[in-house]
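Heads up, the thing below is written out as structure tokens.
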Amino acid sequence: MKPKKQFFTTPIYYVNAKPHLGHAYTSIAADVATRFKQIDDYETFFLTGTDEHGDKIVQAAQKQETTPKEYADNISQLFQDLLPVLNVKNNHFIRTTDPGHIQVVKDVLSKIYDSGDIYFSSYEGLYCFGCERFYQERELIDGKCQDHGVEPTVIKESNYFFKMSKYQKWLINHIKANPDFIQPEQYKNEILSFLKDPLEDLCISRPKSRLTWGITLPFDEDYVTYVWFDALVNYISALGYPDGKLFKKFWPSTRHFVAKDIIKPHGIYWPIMLKAADIEIYNGLNVHGFWNVKGSKMSKSIGNVTDPIQVTNKYGIDPFRYFLMREMVFGLDANFTEETIVSRINSDLANDLGNLFSRVLSMNSRYFTGEVKGSDAKIEKQKNLSLASDAKKAVDEFKQAMSLCEFHKGVGAIWQFISIMNKYIDTTAPWTLAKDDANVLILGTVLYNLIEGLRVVSCLIYPIMPQTSLKMQETLCMEKREKGFYSLEETFPWGQIKKGTIIEKPDILFPRIDTNKIKPKSHKKKLSASNFDKSVAPGNPVK
RNA sequence: GGCGACGUAGCUCAGUUGGUCAGAGCAUGCGGCUCAUAUCCGCAGAGUCCGGGGUUCAAGUCCCUGCGUCGCUACCA
């Protein structure tokens with residue numbers, strides 16, 4: 001069988017500001033998807049990077065009295081440093097200032113220019129000299145530029161244009177012929193409805209008199225290319241287009257992770273650029289929504305721009321990754337609040353999974369001094385004690401959901417199985433069995449099935465919580481895999497933990513976060529989520 | 001203005017192609033257990049699925065319309 005391949009990308013992040021929650025989400029989602037493909041036996045390649053040209057960078061650099069390159073270096077470094085903090089494992093980090101990238105951009109531009117799809121034309125528009133940019137009429141307030149309060153001047157400027165309109169029909173057909181080209185479907189519909197109106201050609205250059213911080217056009221020394229070619233081409237330049245091995249190997253399997261605000265460049269310009277350059281079209285787009293923070297859009301003025309590093313430091317990498325995947329329906333917006341993340345950590349991670357892990361292994365320690373007794377086949381069948389089919393169901397549902405980027409459903413499938421195991425304990429009541437030596441085989445079988453269930457869970461959570469996955473597997477004395485994970489294929493057959501294995505009583509997997517400053521009188525009374533904010537339990541992971 | 005999304009239990013939200021769809025989690029109340037991280041298990045909620053109209057044998061689920069919230073409108077995930 002032909003080995004399965006998968007190439008995932010994040011957008012290249014624009015270096016005009018430091019990374020925030022949104023960037024972290026995209027990177028983590030792509031990382032989770034990549035790791036999932038890995039456990040599904042795909043060979044993967046994961047690309048992320050930074051977009052570093054354009055006037056905003058020049059302006060930002062001027063403000064800091066530095067050069068654009070130096071400025072870009074600094075911010076790019078912040079994005080690079082974020083990856084290990086989030087445990088995102090990329091194969092390559094591309095920067096649009098990389099010489100290799102610049103060359104590919106020029107090559108692609110030349111190719112399209114030679115084939116006649118780029119033309120020179122004059123453009124007349126409303127130009128604000130203060131902002132050094134053209135305005136659309138609708139952007140103006142009372143006909144004036146907001147920043148300078150000045151009416152823009154009508155000026156003419158000659159530029160290069162890309163004939164997008166020529167490929168409009170082709171693109172519509174392509175999207176319709178490939179139903180998963182843009183996912184989820186709502187965004188496909190959005191693009192198709194946008195394509196109902198005639199497409200305008202795209203201005204792809206800026207005269208050097210206005211902007212020099214960019215890639216010089218290969219066919220005109222006096223111009224730099226502006227944004228689209230510069231940025232989007234990173235996806236192929238990073239793979240060594242046109243002749244690179246990686247390009248040949250991975251390009252056809254490409255899926256780009258993007259947030260909903262950049263679906264037009266990715267869903268329209270990019271495929272048309274590829275088509276015009278006679279390059280195979282990428283496989284598709286996975287479009288996600290925005291994170292609101294405390295109910296409103298992240299913005300500097302509201303002051304709710306969330307720093308992923310702070311959140312990670314406070315709650316831990318795995319809980320943060322879990323929360324992002326569990327809480328957002330891929331494609332839709334979601335809300336980020338500390339209340340919700342704490343609630344998720346306490347109920348899903350500490351109470352459900354962590355406590356299950358703890359109670360099962362504690363019982364095994366207590367009743368069998370940690371020795372895995374194994375299942376008695378006859379008793380298992382007779383008493384219907386196997387958890388294998390429930391585990392299988394979880395694996396199947398998990399796989400199905402994760403393949404479609406339905407991360408919240410994938411997580412849900414695992415947690416359903418966790419819940420089944422908690423119920424199973426209640427039903428079988430091992431503490432009662434333990435009171436009578438006659439039940440030792442039943443007790444052993446029950447605990448064995450639970451331990452096996454935990455083994456499967458440890459494999460499934462790997463894409464989302466790699467550290468926890470490993471920690472569980474170490475505790476369960478599972479053989480360490482060189483690649484760092486067990487594949488889905490390897491989760492079965494049932495019954496892999498060897499009889500006689502000694503399993504130590506584990507450390508707490510996820511400490512509960514104490515939301516009480518003052519202990520309530522009744523043990524049942526849990527704290528309402530209102531006064532948890534700053535109080536994080538002392539034992540909480542800080543790494 | 002144009003385009004689009006959303007409005008389902010106290011809260012946060014799921015609900016493929018219309019027919020066990022009236023759901024999950026959290027919160028709350030009561031009960032049970034005691035192995036476990038004061039955790040786990042069971043039971044409970046009468047929510048006009050925003051209002052109105054339509055299509056249909058059958059509509060949160062499709063169409064129209066009204067109201068409400070919000071996003072995008074070209075280079076901030």
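Throughout, a chain's letter reflects where its sequence line sits, starting with A, and its residues are numbered from 1.
- The glycosidic torsion of B/G71 lies more than 90° away from 0, which places this base in the anti conformation.
- The existence of a salt bridge linking A/K188 and A/D180 is excluded, since no basic side-chain nitrogen approaches an acidic carboxylate oxygen closer than 4.0 Å.
- Between B/G19 and B/G52, the distance separating the two P atoms is 22 Å to the nearest Å.
- Within the 4.0 angstrom heavy-atom criterion, only backbone atoms of the sugar-phosphate kind lie near A/N351; the bases stay farther away.
- Note on A/S362: only backbone sugar-phosphate atoms sit closer than 4.0 angstrom, heavy atoms only; bases stay farther off.
- Protein atom CH2 of A/W431 is 12 Å distant from nucleotide atom C1' of B/U39, rounded to whole Å.
- Remark: the separation of the P atoms in B/U34 and B/G29 is 23 Å, to the nearest Å.
- Of the candidate nucleotides B/C40, B/U12, B/C76, B/C40 has the atom nearest to the side chain of A/N355.
- Distance A/N292 CG to B/C72 C1': 14 Å, rounded to the nearest Å.
- Contacts between residues 255-265 of chain A and RNA chain B, counted as heavy-atom distances below 4.0 Å, involve A/A259, A/K260, A/D261, A/I262.
- Base engagement by A/R206 is indicated by at least one non-hydrogen atom pair under 4.0 Å involving a base atom.
- Remark: P of B/A14 and CG of A/N335 are 12 Å apart, rounded to the nearest angstrom.
- Residue contacts shown for A/K409 are absent, as no nucleic acid heavy atom lies under 4.0 Å away.
- In this structure, A/L433 places its CG atom 14 Å from C1' of B/C33, rounding to the nearest Å.
- The CG-C1' distance, from A/L353 to B/C40, rounds to 14 Å in whole Å.
- Going from the P atom of B/G23 to that of B/C43 covers 14 Å, rounded to whole Å.
- When each of A/H408 and A/M363 is assigned the nucleotide of RNA chain B bearing its nearest heavy atom, the one mapping closer to the 5' terminus is A/H408.
- A/E452 and A/R455 are joined by a salt bridge, as a carboxylate oxygen and a charged side-chain nitrogen come within less than 4.0 angstrom of each other.
- Closest-nucleotide positions on RNA chain B for A/K435 and A/D348 were compared, and the one nearer the 5' end corresponds to A/D348.
- Pairing for B/U73 goes to B/G1, judged as Watson-Crick or G-U wobble with the two contacts each under 3.5 Å.
- In the set B/C26, B/C35, B/U37, the nucleotide with an atom closest to the side chain of A/R512 is B/U37.
- Nearest to the side chain of A/S347, among B/C26, B/A14, B/C35, sits B/C26.
- By the side chain to side chain donor-acceptor pair (under 3.5 Å) test, A/Y160 is found to be paired with A/D220, residues two or more places apart in sequence or in another chain being considered.
- OP1 or OP2 of B/A36 sits under 4.0 Å from a side-chain N or O of A/R366.
- If you check every strand for non-hydrogen atoms under 4.0 Å, A/D352 touches sugar and phosphate atoms only.
- Separation of the C1' atoms belonging to B/A27 and B/U16 is 30 Å when rounded to the nearest angstrom.
- Taking atom C1' in both B/A38 and B/C67, one finds a spacing of 48 Å when rounded to whole Å.
- Between B/U65 and B/A24, the distance separating the two P atoms is 35 Å to the nearest Å.
- As judged by a 4.0 angstrom heavy-atom cut-off over every strand, A/W291 is placed among the base-contacting residues.
- Here A/A350 lies in heavy-atom contact (under 4.0 Å) with a base.
- Ring geometry for A/Y13 versus A/F79: interplanar angle under 30°, hence parallel rather than tilted (30 to 60°).
- The side chain of A/I508 approaches B/U37 more closely than any other nucleotide in the set B/C76, B/U37, B/A74.
- Across all strands, A/F357 comes closer than 4.0 Å to no nucleic acid atom at all (heavy-atom distances).
- A/H266 contributes no side-chain N or O that, together with a main-chain N or O of A/P11, makes up a donor-acceptor pair within less than 3.5 Å.
- Residues meeting the side chain to side chain donor-acceptor pair (under 3.5 Å) test with A/N74, sequence neighbours left out: none.
- Spacing between atom CG of A/D514 and atom P of B/U37 amounts to 16 Å, rounded to whole angstrom units.
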